[in-house]
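No experiment lies behind these values; they were computed from the predicted model shown. Along the sequence shown, the residues carry numbers beginning at 1. For the numbers below, each heavy atom of this structure counts, side chains included, while hydrogens, waters and symmetry mates do not.
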Amino acid sequence: MAATVELVLPTRLPWQETVIAEAQRFNVPCVGRQAGKTTMCQDLAVDPALDGWPVGWWVPVFKTMLEVWAEMRELLHPVTQRVSVQERRIELWGGGLIEFWSLDHPDSARGRRYKRAVVDEAAMVANLRSVFTKVIRPTLAVFKGDAWFPSTPKGLNDYYTLWGWGQPDGRKGWKSWRLPSSVNPYLDPAEIAAAKADSLDDEFRQEWLAEFLEAGALFRFLDELATATMCEAAQEGRRYVMGVDLASTTDFTDVSVLDVTEPLWRQVYRDRWTGLGWDIQLDRIRAAIQRFGPDMVEVDRTGLGDMPFQTLAESLPGVNVWGVQFNAGNKMDMVQSLALAFEKRRLQILPDPIQLAELRAYEAKRKPSGAFTYSAPSGQHDDSVTSLMLAVDAADSPGFGVLEY
């Protein structure tokens with residue numbers, strides 16, 4: 001008769017149960033300090049290993065591996081067949097194993113095959129997006145494995161990019177969450193309050209509330225101003241303007257409508273899509289124009305947008321459709337106008353997670369000449385920012401009032 005071994009795993013907290021139940025293939029739980037991220041992922045790593053599968057566990061630097069390595073050895077001791085300290089590998093009875101890797105040297109794990117990958121404190125990993133796509137993602141291909149990226153945030157870096165992939169309208173197969181430290185019921189609220197008293201506001205918001213801070217970002221007060229309400233058509237007596245960022249295949253076409261009846265402009269509608277032919281796209285834009293009857297429509301006609309812009313404008317006689325060819329000068333002016341609208345709290349926007357993520361990530365880069373360029377970080381999109389900029393520029397036109405500098 002085979003012997004029975006009892007393995008005692010930590011009881012899952014309610015937030016951990018929720019996250020695991022909602023999980024997709026690639027999962028980005030952004031959670032405050034001391035909430036139980038690593039404990040949850042220890043549980044997640046053990047499950048497939050006990051079923052005979054190989055699991056990979058990555059940490060940002062070697063030093064951060066030592067504690068979790070020791071904990072996992074102790075936890076799995078009753079079911080461990082062999083341990084290699086040199087290779088940081090725990091082999092279990094039944095054929096499963098867990099291998100630990102430091103991302104000081106990310107290429108060292110090339111060639112491995114895993115059913116599950118865990119990247120602990122993923123926000124601390126340099127060039128996380130590249131590390132995932134070039135090293136970790138291929139290790140999951142053979143077994144069609146999944147991946148977990150638990151972390152507390154650290155600014156708007158690559159971890160923020162992966163987190164954005166897991167938001168609604170992000171990437172298929174991705175899921176992300178943002179939870180404060182207080183989701184751990186065993187964490188004394190008095191400790192959190194004391195940490196708040198001892199910390200700078202930004203420090204507390206990042207470490208304990210798990211907020212992706214927009215410090216140093218171009219557009220401020222986004223959470224405060226993301227309070228507008230979606231409408232599907234014009235309301236009687238209201239005036240509207242529209243911004244349209246056109247795209248063909250790799251980017252998104254994005255449409256943004258502002259209600260400019262009052263000094264406080266309100267974003268009341270936005271639409272976004274990709275992978276559609278031009279005829280379908282233009283029909284969809286025309287339908288939005290017919291529903292809202294905007295006084296002015298500004299369309300990005302740069303590059304690929306020029307031909308479809310001409311078609312759109314010619315098909316809408318009597319509609320004030322303007323095309324914008326972006327260059328360094330006018331783009332800088334439009335970025336600054338949008339930033340000023342937020343700064344003066346003159347613009348309310350829809351609480352759309354994709355739009356908020358793109359606005360937070362949008363950045364200015366100084367060229368060797370001293371001039372600035374404005375765009376999304378490499379590998380990210382800024383289509384919703386562009387359509388909103390165009391709508392604000394239309395609202396800034398004569399007849400709607402001009403922002404004061």
Side-chain angles (χ1 to χ4, degrees), residues 6-51 53-60 64-79 88 90 92 96-101 103 114-125 128 132 136 139-140 145-154 159-160 162-163 165-167 173-189 191-192 206-212:
E6 181 177 354
L7 190 65
V8 180
L9 297 173
T11 302
R12 290 177 180 172
L13 301 177
W15 77 264
Q16 296 169 341
E17 292 278 14
T18 299
V19 165
I20 292 171
E22 295 175 353
Q24 299 291 315
R25 185 176 183 188
F26 304 109
N27 303 283
V28 190
C30 175
V31 191
R33 301 286 291 275
Q34 304 300 327
K37 302 181 296 296
T38 301
T39 302
M40 178 184 71
C41 286
Q42 288 174 335
D43 189 355
L44 288 166
V46 168
D47 278 351
L50 289 176
D51 289 334
W53 293 104
V55 175
W57 186 295
W58 281 266
V59 295
T64 60
M65 180 196 299
L66 300 179
E67 183 176 353
V68 69
W69 163 254
E71 289 177 354
M72 291 292 275
R73 284 186 62 183
E74 181 177 356
L75 176 67
L76 294 171
H77 177 72
V79 292
R88 303 290 172 181
I90 304 173
L92 308 184
L97 62 85
I98 303 177
E99 292 183 307
F100 294 80
W101 303 95
L103 288 168
Y114 295 120
K115 185 65 173 177
R116 176 162 292 163
V118 175
V119 186
D120 200 10
E121 292 299 346
M124 304 296 292
V125 176
L128 174 63
F132 170 67
I136 298 174
T139 69
L140 304 173
D146 59 24
W148 289 80
F149 302 87
S151 190
T152 299
K154 188 181 181 184
Y159 182 68
Y160 179 64
L162 268 60
W163 183 85
W165 291 352
Q167 289 295 286
W174 286 77
K175 176 69 177 177
S176 62
W177 305 260
R178 189 177 68 81
L179 301 165
S181 301
S182 58
V183 294
N184 182 351
Y186 300 109
L187 191 58
D188 189 345
E191 282 297 306
I192 299 178
Q206 175 174 281
E207 301 299 324
W208 297 88
L209 302 183
E211 292 186 14
F212 290 99

Residue pair W58 / A117: nearest heavy atoms and the distance that separates them: CZ3-CB, 3.5 Å

Point-to-point distance, once rounded to the nearest 0.5 Å, from CD1 of I192 to CD of E207: 13.0 Å

Heavy-atom neighbours of Q34 CD exceed 12 at 6.0 Å: no

Any donor-acceptor pair under 3.5 Å from S151 side chain to C30 backbone: no

I98 CD1 to Q42 CD distance, which is reported to the nearest 0.5 Å: 9.0 Å

Side chain proximity check, V31 to W15, heavy atoms < 4.5 angstrom: yes

Min side-chain heavy-atom separation E71-E67 under 4.5 Å: yes

Side-chain heavy atoms of M65 within contact of W57, under 4.5 Å: no

Heavy-atom pair with the smallest gap, counting every atom of L128 and A122: CD2-O, 3.6 Å

Euclidean distance, L44 CG relative to T39 OG1, rounded to 0.5 Å: 11.0 Å

Shortest non-hydrogen contact between L97 and A49, atoms and distance: O-CB, 4.2 Å

Ring-ring centroid check W165 F26, cutoff 6.0 Å: no

Test item: K37 side-chain N/O and G32 main-chain N/O as donor-acceptor pair under 3.5 Å: yes

Within-4.5 Å side-chain heavy-atom neighbours: L13 and Y186: yes

Aromatic centroids of W101 and Y114 separated by under 6.0 Å: no

Verdict with supporting geometry, M124 and V119, side-chain contact (heavy atoms from CB on, under 4.5 Å): CA-CA 10 Å; M124 304 296 292; V119 186; over 6 Å; no

Shortest non-hydrogen separation from P150 to C41 and the atoms involved: CG-SG, 3.4 Å

Side chains of M72 and V46 in contact at under 4.5 Å (non-hydrogen atoms): yes

Side chain to side chain, P29 and W148, heavy atoms closer than 4.5 Å: yes

Side-chain heavy-atom pair D47, W53 within 4.5 angstrom cut-off: no

Point-to-point distance, once rounded to the nearest 0.5 Å, from NZ of K154 to CZ of F212: 13.5 Å

Residues that N184 engages under side-chain hydrogen bond (donor to acceptor under 3.5 Å, both in side chains), provided they are two or more places apart: none

NZ or CZ of R178 within 45° of W163 ring axis and under 6.0 Å: no

Side-chain touch W174/F149, heavy atoms, less than 4.5 angstrom: yes

P48 backbone acceptor or donor facing R116 side chain under 3.5 Å: no

Gap between atom OG1 of T11 and atom CG of D43 - 0.5 Å precision: 9.5 Å

Qualifying side chain to side chain donor-acceptor pair (under 3.5 Å) pairs, either residue in residues 16-28, two or more places apart: E22-W177

